[in-house]
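See structure below.
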Number of protein chains: 2
Amino acid sequence: MALIRENSAGYLTNWAARLFTRELERQLAPTGIAPAYMPVLFALADGSTLTQKALARRAAVEQPTMAATLNRMQRDGMITRRPDPADRRCALVTLTPLALGQIDAVERVVSAINTLALEQLAPGEREQFLGLLRRVIGVLEAQDAA
Amino acid sequence: MALIRENSAGYLTNWAARLFTRELERQLAPTGIAPAYMPVLFALADGSTLTQKALARRAAVEQPTMAATLNRMQRDGMITRRPDPADRRCALVTLTPLALGQIDAVERVVSAINTLALEQLAPGEREQFLGLLRRVIGVLEAQDAA
DNA sequence: TGTATTCAGATAGCAAGCTATGCAAATGGC
DNA sequence: GCCATTTGCATAGCTTGCTATCTGAATACA
């Protein structure tokens, strides 16, 4: 149990992620942006247009997950979908002015939370933490692909 | 975007947690134990009995989340609930022999995944990673409580 | 050209987290 | 002893992840 809670990389990572998400939801509330909207928001922040498939790949979620996220974003007035004239299977997704107007606020929130989370670490430790996370992710991604 | 994906502690932590969970689900499949069952399993592994409230506290989830988890565990034959004679509000939760019989296998899976995830880190880095995670968690828990 | 395959998206259904709310049992103050 | 508060649990309803499966459009090949 102490083994699990305190010494398990998986347990600690999962708990940290839940705490990050809670704080993110709290701070994003006034913007109308949900955590799952963020990858879409940043992918289309330059006013560009992508298909659902491309957005799913960038967000590293499965296609039905992205479809549901886009449905909620459309409901909330954050995106528009229009049919691709060149390929009638595709829907082209674009941010609305409402969503574009929240980008700065969202970036400030993300930055504030990351700063808060790392505030007890020395500057070198912050880079170290991110580096270790990237290496752990690398191993798990390789396993996931296999 | 590169800022978000590569340099955001929140993004990286969340992505790592999702990868951990995917691998855990995959490896736990033959045991019939879902990831959310694990805190309950370990809390009651010694054959003891706890209330739903106590289990929720240990797992650090809200009461309705634990209620739903216990419902699924009951459906899967992993726990029994019996009324507390001393306090008719409480249900006393105990693991079934079926669940008790999976504990060793679950511990092996947890251990294997943690070992895999950290296999590219030097022994000192592994301790460092867990320590940094604990410190980040500490800050976020304090913020969450506030 | 026509059929087989691949590809994009939709939909159904489940897991596991959350908040809000209701109810019945226990407790505490008067 | 009675009423108000607290406490434990259930339930409704939401988000966000997943897999499995269907459909219709595009493509490839024979």
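Here is how names work: the chains are called A, B, and so on, in the same order as the sequence lines, proteins then strands, and each is numbered from 1. Here the structure is a predicted model, which means the values were calculated and not measured.
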Contact under 4.0 Å: Q63(B) side-chain N or O vs dC18(C) OP1/OP2: no

Under-4.0 Å side-chain N/O to phosphate OP1/OP2 contact, R88(A) with dA26(D): yes

Euclidean distance, atom CG of residue D87(B) to atom C1' of dC9(D) [Å, nearest integer]: 11 Å

Same apolar cluster: I103(A) and L44(A), side chain cutoff 4.5 Å: yes

Touch class at under 4.0 angstrom, heavy-atom based, for E62(A) against every strand present: base

Sugar-phosphate, base or nothing in reach of A68(A), heavy atoms under 4.0 Å: nothing

Closest to the R89(A) side chain, choosing from dC9(D), dG24(D), dA25(C): dG24(D)

Side chain of V61(A) (C-beta onward), nearest among dC18(D), dT15(D), dG9(C): dC18(D)

Any R75(A) side-chain N or O less than 4.0 Å from OP1/OP2 of dC14(D): no

Strand contacts (DNA chain C) in residues 17-36 of chain B, 4.0 angstrom heavy-atom criterion: A34(B), P35(B), A36(B)

Residue pair Y11(A) / V110(B), side-chain heavy-atom distance below 4.5 Å: no

Value in whole Å for how far the C1' atom of dA16(C) lies from CG of D76(B): 14 Å

Contact check, side chains of N14(A) and F20(B), non-hydrogen atoms, under 4.5 Å: no

Of A91(A) and T69(B), the one whose closest DNA chain C nucleotide lies more 5': A91(A)

M78(A) CE - dT15(D) P separation (whole Å): 13 Å

Short side-chain to backbone donor-acceptor contact, D76(B) and M78(B), under 3.5 Å: no

Atom-pair distance (CG on N14(A); C1' on dG17(C)), nearest Å: 10 Å

Whole-Å gap separating P (dG17(D)) and CH2 (W15(B)): 11 Å

Taking every non-hydrogen atom, the tightest pair across Q74(A) and I79(A): N-CG1, 3.6 Å

Pair N7(B)-R126(A), side-chain donor/acceptor within less than 3.5 Å: no

M66(A) CE to dT15(D) P, straight-line distance once rounded to whole Å: 15 Å

First encountered from the 5' end of DNA chain D, between P85(A) and K53(B): K53(B)

Rounded distance (Å) that lies between atom C1' of dA10(C) and atom CD of Q52(A): 8 Å

D104(B) CG to T31(B) OG1 distance, which is reported to the nearest 0.5 Å: 12.0 Å

Among dA25(D), dC18(D), dA10(D), the one nearest P64(A) by side-chain distance: dC18(D)

Touch class at under 4.0 angstrom, heavy-atom based, for R57(B) against every strand present: nothing

Length of the line joining D84(B):CG and dC9(D):P, which is rounded to integer Å: 9 Å

Presence of T65(A) side-chain N/O under 4.0 Å of dC18(D) phosphate oxygens OP1/OP2: yes

Side-chain heavy atoms of L19(A) within contact of Q143(B), under 4.5 Å: no

